[in-house]
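Throughout, a chain's letter reflects where its sequence line sits, starting with A, and its residues are numbered from 1. Any value given below was found using the heavy atoms of this structure, including those in side chains, with hydrogens, waters and symmetry copies removed.
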2 protein chains.
Amino acid sequence: MDADISGMLIFSIYLNVMPNLTLRDMAKALGLSVSTVSKALRDSYEIGAETKKRVLDYAQANHYFPNRMAKSLKEGKSGSVGVVICSIDNNFVSRMLDGIDSACTKAGYDLIIMQSKESLSQEKSCIRQLEARGVEGVLISPSSETVDFAHLSDVRAMGMPVVLFDRIGDRFGSYQVGIDNRDGAFRATQHLIANGYKRIAMLNIGPGIHFAMQRSRGYADALEEHGIPYRDEYVHVCGPLAGEALKGAVTDAIRSLLALPEPPDALFTATDQLSTFSLRALHERGCRIPEDMALIGFCNTELAPILTPPLSTVYQPAFEIGRIAAEKLIGLITGKEHPDHYETVMLPIRLDVRESSRRKASASA
Amino acid sequence: MDADISGMLIFSIYLNVMPNLTLRDMAKALGLSVSTVSKALRDSYEIGAETKKRVLDYAQANHYFPNRMAKSLKEGKSGSVGVVICSIDNNFVSRMLDGIDSACTKAGYDLIIMQSKESLSQEKSCIRQLEARGVEGVLISPSSETVDFAHLSDVRAMGMPVVLFDRIGDRFGSYQVGIDNRDGAFRATQHLIANGYKRIAMLNIGPGIHFAMQRSRGYADALEEHGIPYRDEYVHVCGPLAGEALKGAVTDAIRSLLALPEPPDALFTATDQLSTFSLRALHERGCRIPEDMALIGFCNTELAPILTPPLSTVYQPAFEIGRIAAEKLIGLITGKEHPDHYETVMLPIRLDVRESSRRKASASA
DNA sequence: TTGAAAGCGCTACCAA
DNA sequence: TTGGTAGCGCTTTCAA
């Protein structure tokens, strides 16, 4: 035993490495067998109180902690879940991740996060790697390229639960958690109508993006319900663009809206970036908000209240989406949810009404 | 073999589970030994071309992929690195994570991300769990409670490389990657001076927060270098507060600044939230920016350009911080960097000059 | 109440 | 060129 210790010291001096204690090390040190030590640590009824105490004390004193790789291999499960998102560098996404982490931490699962960067092939590779890592389930917000879900059904067919979040749809039967986009757009539009606006324009992205189409529907439904005709010239689809290109498209759209013989008196922007770019474009053209044009948008920034004017927004419960999706996944993993009973949870949005859409001055009622 | 396949089918039908292929399965199916199959897959020179092809084809056709838990256990390393941050729900943090992910993905490492929520005990628990998971190194941005770094030196003493990022200091000898806070504050202040402002106030947080103190120093140094006296009444420390409390403190600070007999003509805000709360408080008090008060702040939002007026900011290269920190860590893991040669990398900030700090109208030169 | 041994899937060493 | 075998650290029968 002395020899052991001095060997350890030398090891430590030369390599600055003190290898982790294993069950075998402890068994040898205590003159017990590996299985006894293992059972003692797991508080098995088979082990005597005194032995248990000896083992526990020794483990504590020497900072033993079990090797999870070995445990995972042995048990065939890793205690971790995989998350595939397009980009972590996004406000909305990080709030969802926070929710996911909250549920997973509570249930004792670790998170392995991978980014697909909106690429289907990267998404497939992420799934592959997560599978190889032995994650017990996958949470995924599919890339915009993902129209075929074979890679997800494959992985599920192998017994791995999959839950879609945020970017949900009807293309893939599965547990899904997202928001009710149609309803959000409906309520935003309705709010403008209620505040006296009648010529309501919409900026959207698309075409073919599921959530965007839902939002278009909500907009159209609200107009119809209030007997306001849908005007094509009030609706702009600013392509599936990003960065400067999108900004240019928004600027053009705003310009043409303002140039109409009968320009709109309110604007509903269907995404985060459309909202902020629109705000900027309207500012640049000297358009007063909300006097010349009211504005409400889907928006995920906490900065909405400090914009000028404070921006009315459709607030999406990102944290909750993540939390609920993760809870569903864990339910599936632990067998509390039945894997074949697919369910889609659509969380309601919250309307945060601020200055940019306040009641129209000229409105009578 | 027929029996095998039909067994598989039944299994699949009943349990909807198709267990992953193992080396042994393949060896049996191909009439080879496990080690031959293993070597063939790793393209070993020991294996004949024909055998290799047979194995590879079979593996491909049956979607074989290696079990990383087993590989990890065997090789004693997991191919993953741990990241400990305070909160993922933060713009700046997610940009750093993006940088970390970029470097790690390139080097073939997975990321396990854990949140300490600004709690030392949670931070310790994160480290523990990562250790147990067999991560090969840890990237950490310590919690604000962390003044004692024993948990980090312990883990490092066990041979696990540790790299600090963002929240760096001199309390813990280690590789560290962050920004040059003193220089950032110095340059921001200098910019205001260069634009004709002389009565420059500063809002900071603290006390005792390392990076905040660095920023205070940069501010003071810039004043001194330009022969402008440091005035206590121009400097407010809005406690280590959060949310509404911080907002209240900022509002109070702004009020007292404006109430001074000789109020400042410019304001330098040392953090993200101080900047946005100040902007709001100034707006609310009818203070024109930059005519009545110029403003420049440390700020991590991409919304700075669309604020009113567009806000001048000290831009911190978050992605780069993450990327470089991760590269250092990987260097340490792979032995390319020497573990005892501590190094602190301080990245320069970038001054994004916008409307809120434009040249003072009355300034002569 | 304790211990021996098998085995999770993989790699690597050595023998054939 | 191929195969047998030991063993990574753990859990879990089954014996003692």
Assess whether a salt bridge exists between A/D98 and B/K117, defined as any Lys/Arg side-chain N lying under 4.0 Å from an Asp/Glu carboxylate O.
yes
Whole angstrom is fine here: how far is it from CG in B/D43 over to C1' in D/dT1?
14 Å
Round to the nearest Å and state the distance from A/L23 atom CG to D/dC8 atom P.
12 Å
Whether B/R68 and B/D110 form a salt bridge (side-chain N of Lys/Arg under 4.0 Å from carboxylate O of Asp/Glu) is what I want to check.
yes
Take the protein atom CG of A/L73 and the nucleotide atom C1' of D/dT11, then report the distance between them rounded to whole Å.
11 Å
Among D/dT2, D/dT12, C/dC10, the one nearest any side-chain atom of B/E46 is D/dT2
Let me know the distance between CG of A/L41 and P of C/dG3, rounded to the nearest Å.
14 Å
Any base atoms under 4.0 Å from B/T22, or only sugar-phosphate, or nothing? Heavy atoms, all strands.
sugar-phosphate
Could you check how far CD of B/E75 sits from P of D/dG9, rounded to whole Å?
13 Å
Using a cut-off of less than 4.0 Å, is there contact between a side-chain N or O of B/Y64 and OP1 or OP2 of C/dC10?
yes
Measure from NZ on B/K71 to P on C/dA12 and round the result to the nearest Å.
8 Å
Side-chain donor/acceptor contact of A/S33 with base of C/dA4 under 3.5 Å:
no
B/R167 with B/E118: basic N within carboxylate O range, under 4.0 Å:
yes
Does a side-chain N or O from A/S35 land closer than 4.0 Å to OP1 or OP2 of C/dA4, or not?
no
Hey, are B/R54 and B/E50 close enough for a salt bridge, meaning a charged N less than 4.0 Å from a carboxylate O?
no
Presence of B/R24 side-chain N/O under 4.0 Å of C/dC8 phosphate oxygens OP1/OP2
yes
Between NZ of B/K77 and C1' of C/dA12 the distance, given in whole Å, is 14 Å
Think A/R42 has a side-chain N or O under 4.0 angstrom from the OP1 or OP2 of D/dC10?
no
Rounded to whole Å, please give me the gap between CD1 in A/I47 and P in C/dG3.
8 Å
With the side chain of B/K74 defined as its heavy atoms from C-beta on, choose the nearest nucleotide among D/dG3, D/dT11, C/dC10.
C/dC10
Any carboxylate oxygen within less than 4.0 angstrom of a Lys/Arg side-chain nitrogen, looking at A/E136 and A/K77?
no
Are B/T51 and D/dT1 close enough that a side-chain N or O sits under 4.0 Å from OP1 or OP2?
no
Base, sugar-phosphate alone, or nothing: which one does B/G76 contact when heavy atoms must sit under 4.0 Å apart?
nothing
If you only use heavy atoms from C-beta on, which nucleotide in D/dC10, C/dT2, D/dT2 is closest to the side chain of A/A70?
D/dC10
Spell out yes or no: do the side chain of A/K39 and the base of C/dG3 have one donor N/O and one acceptor N/O closer than 3.5 Å?
yes
